[in-house]
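Sequential numbering from 1 along the given sequence is applied to the chain's residues. First listed ligand is number 1; within each ligand, the first listed atom is number 1. Quantities reported herein were computed from a predicted structural model and do not represent experimental measurements.
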Amino acid sequence: MNAQEQPVESTSPLTDALAQLASAVKHLGISPGVHQMLAQPRRELMVSVPLRRDDGSIAVYSGYRVQHNFSRGPAKGGLRYSPSVDIDEVRALAMWMTWKCALVDVPYGGAKGGVAFDPRDHSDSELERVTRRYTAEILPIIGPDVDIPAPDMGTNEQTMAWIMDTYSSSQGHTVPGVVTGKPISLGGSLGRASATSRGVSHIALMALASRGIDPTNASAAVQGFGKVGRDAARFLAEAGVAVKAISDVDGAIYAAGGISITALSAHVDATGSVVGFDGAEELEPADLLTADVDVLVPAATEGVITGDNAHDIRASIVVEGANGPTTNEADMILHERGVLVVPDILANAGGVVVSYFEWVQANQAYQWRESEVNERLEERMTRAWHSVIEYAGAHKLTYRQAATALSVKRVVEAHELRGLYP
Ligand code: NAD
């Protein structure tokens, strides 16, 4: 494998994830049998989630939990509520979680869950019933030593509180370690809510430094203004970066002089969308990705940077806040064009790092100071960043190839030390 390798045609997050694995397997000289084990999830559960709606009618949604790998520890991964959720998306996201946990060296394997529906179309009480029923259905395969869900697209700390309560009720005692990303008052970690964004911004600043760009002369565009995008924009702005373009599912906005993230946050809290913010002009959503900025942070969903728009990306650095935002085809185009792409499994790993800290705190019934959490997070992100750039340099790989190879190597090492049962 080398950075010039021809991309496998991208058709879905799963084909991209499998092609990335195949590339790492080739580079590392891993045997076909082990490759096959890594390409296939260890366990997957598909459930039907019936919901009694507020008007008395019944809707039935499809739910999934995929546990990709347990070689390094219990499975760990988010829970997504989105109409786009399907089994292949969840499989890809679960595999990326395995690599991410290995890359930042937390003792977990990877998992992911999802329910295919739009949470924006539901009341809080309907969301609670969907969450509790989904939890009840996947209960046999989750637990603090088995598989630990966390928030992802469309879910939040309230969702985690309902999961924890449903799981705890089934056990007859409170089990805070069954989820991370919980409210602080239920044993959540200080610093968890903004951990992914803090990591994204920390990595973006290191990437800018590696290209000799001072943050106070730099600009950024952020796609997505949710749990990851909003605070990533805030931390970048606090570091002096002019965040010129921001989008959400409803539209995009642009301000040549930079957008006030505080004012925009107040607008989004009041209206639910970035659209209509009077401190910026409207922008075609597709133009956000090709905005004339130094750093592009896709922080929404998969497959947004593709073979169709990769030639038009003007940012010199892409920091993947979202999972899988760049298709393999786009990845190679960006590489050929000299654009530095910091892969998701490195860029957005801050969330799982602090989830791990939360799990440790929950298991010890002890709370760390926020400064302690942030310091340890920064230290892990910095260590992972240096390990990736050193490996990429030594083996002439892209950062994604290097990050995937390093992760796969660690997972295979754990697998080989444990041996194959029976
Ligand atoms: P979220 O639901 O809190 O926010 C998603 C945001 O993206 C919203 O602003 C939504 O309007 C916007 N969006 C959705 N589709 C869009 C589109 N097509 N164009 C523009 N904007 C769009 O979700 P989140 O937790 O912020 O997750 C975002 C991404 O980050 C996902 O890929 C997720 O897997 C990844 N991620 C999240 C975490 C975490 O801790 N929450 C950790 C690692 C990775």
Side-chain angles (χ1 to χ4, degrees), residues 13 17 76-85 89-90 92-97 99-101 103-104 110-114 118-120 127 149-160 179-182 188-189 191-200 203 221-234 245-253 264-265 267-269 271-275 283-289 296-306 309 319-326 343-356 358 377 381:
K76 183 91 189 80
L79 168 63
R80 175 174 291 195
Y81 288 169
S82 156
S84 74
V85 164
E89 182 186 65
V90 181
L93 291 163
M95 183 184 291
W96 285 326
M97 278 308 297
W99 312 146
K100 192 182 300 181
C101 293
L103 187 64
V104 287
K112 203 81 182 191
D118 191 342
R120 301 208 311 172
L127 292 176
D152 192 75
M153 265 178 88
T155 59
N156 55 27
E157 58 177 34
Q158 177 61 74
T159 322
M160 296 306 115
V179 284
T180 59
K182 295 179 289 293
S189 177
R192 170 60 183 92
S194 57
T196 308
S197 318
R198 192 178 284 279
V200 165
I203 291 280
V222 179
Q223 184 191 45
F225 202 65
K227 293 184 295 299
V228 179
R230 185 194 286 225
D231 280 343
R234 176 167 67 90
I246 296 181
S247 69
D248 65 16
V249 73
D250 298 316
I253 55 170
L264 178 63
S265 292
H267 171 82
V268 171
D269 288 342
T271 67
S273 170
V274 302
V275 175
L283 181 71
E284 269 302 305
D287 294 344
L288 177 127
L289 296 168
L296 172 62
V297 181
T301 189
E302 302 97 53
V304 294
I305 305 177
T306 66
N309 62 13
V319 179
E320 295 185 335
N323 287 309
T326 312
D344 43 12
I345 58 172
L346 172 60
N348 70 35
V352 80
V353 168
V354 177
S355 271
Y356 165 59
E358 179 177 329
L377 166 64
M381 296 302 292

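- Among D152, I345, T301, the one residue that satisfies the side-chain contact (heavy atoms from CB on, under 4.5 Å) test with N323 is D152.
- Annotation: T196 places an N or O atom under 3.5 Å from an N or O atom of ligand 1; distance criterion only.
- Checking each of S84, S82, P83 against D118 for a side-chain contact (heavy atoms from CB on, under 4.5 Å) leaves exactly one that passes, namely P83.
- For the residues L288, N323, V352, L289, the heavy atom positioned nearest atom 35 (C) of ligand 1 is part of N323.
- With respect to atom 16 (C) of ligand 1, the closest heavy atom belonging to the protein is A300 CB, 3.8 Å.
- Counted by atom type alone, T155 and R80 present zero donor-acceptor pairs between their side chains at under 3.5 Å.
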Task: side-chain contact (heavy atoms from CB on, under 4.5 Å) evaluation trace for V179 with L79 - done: CA-CA 10 Å; V179 284; L79 168 63; over 6 Å; no
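- For the pair L93 and ligand 1, the shortest N or O to N or O distance does not fall below 3.5 Å.
- For atom 4 (O) of ligand 1, the nearest non-hydrogen atom of the protein is G226 CA, 3.3 Å.
- Without hydrogens or angle criteria, D248 side chain to F225 main chain gives no donor-acceptor distance under 3.5 Å.
- Counting only heavy atoms of the protein, atom 26 (O) of ligand 1 lies nearest to V228 N, 2.9 Å.
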- [ ] Kindly determine whether V90 and V85 satisfy side-chain contact (heavy atoms from CB on, under 4.5 Å), including the steps that lead there.
- [x] CA-CA 7 Å; V90 181; V85 164; 3.9 Å; yes
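- Residue contacts with ligand 1 include G154, since one or more of its heavy atoms lies under 4.0 Å from the ligand.
- Short contacts between ligand 1 and A322, defined as distances under 4.0 Å to a heavy atom of the residue, involve ligand atoms 29 (C), 30 (O), 32 (O), 35 (C).
- Here the protein heavy atom with the shortest distance to atom 9 (O) of ligand 1 is F225 N, 3.0 Å.
- The protein heavy atom nearest to atom 27 (O) of ligand 1 is M153 CG, 3.7 Å.
- Nearest heavy-atom pair, E320 versus A347, reported as atom, atom and distance to 0.1 Å: O-CB, 3.4 Å.
- Shown in contact with S247 at under 4.0 Å from a heavy atom are these atoms of ligand 1, numbered in order with element: 20 (C).
- Using a 4.0 Å cutoff on heavy atoms, R230 does not count as a contact of ligand 1.
- Counting only heavy atoms of the protein, atom 21 (N) of ligand 1 lies nearest to D248 C, 3.2 Å.
- Counting heavy atoms closer than 4.0 Å to ligand 1, residue V249 contributes atoms from both its backbone and its side chain.
- Looking at Q223 against ligand 1, only its side chain comes within 4.0 Å, counting heavy atoms.
- Across all their heavy atoms, K227 and P151 have their closest contact at CE-CB, 4.0 Å.
- Considering both main-chain and side-chain atoms, D152 comes within under 3.5 Å of ligand 1 through a nitrogen or oxygen pair.
- Scanning both residues, S355 and K76, for their nearest heavy atoms gives CB-CE, 3.6 Å.
- Residues A195 and G350 approach most closely at CB-O, 3.5 Å, considering heavy atoms.
- Checking only distances, K112 never comes within under 3.5 Å of ligand 1, N or O to N or O.
- With a 4.0 Å heavy-atom cut-off, ligand 1 is reached by no atom of A349.
- Among protein heavy atoms, the minimum distance from atom 1 (P) of ligand 1 is reached at K227 NZ, 3.5 Å.
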- [ ] Output, in order, the C-alpha distance, side-chain angles, deciding distance and verdict of side-chain contact (heavy atoms from CB on, under 4.5 Å) for S197 and R234.
- [x] CA-CA 9 Å; S197 318; R234 176 167 67 90; over 6 Å; no
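- At least one heavy atom of R192 sits under 4.0 Å from some atom of ligand 1.
- In terms of N/O distances under 3.5 Å, ligand 1 is not approached by T301.
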Task: side-chain contact (heavy atoms from CB on, under 4.5 Å) assessment of V274 paired with L264 - done: CA-CA 7 Å; V274 302; L264 178 63; 4.1 Å; yes
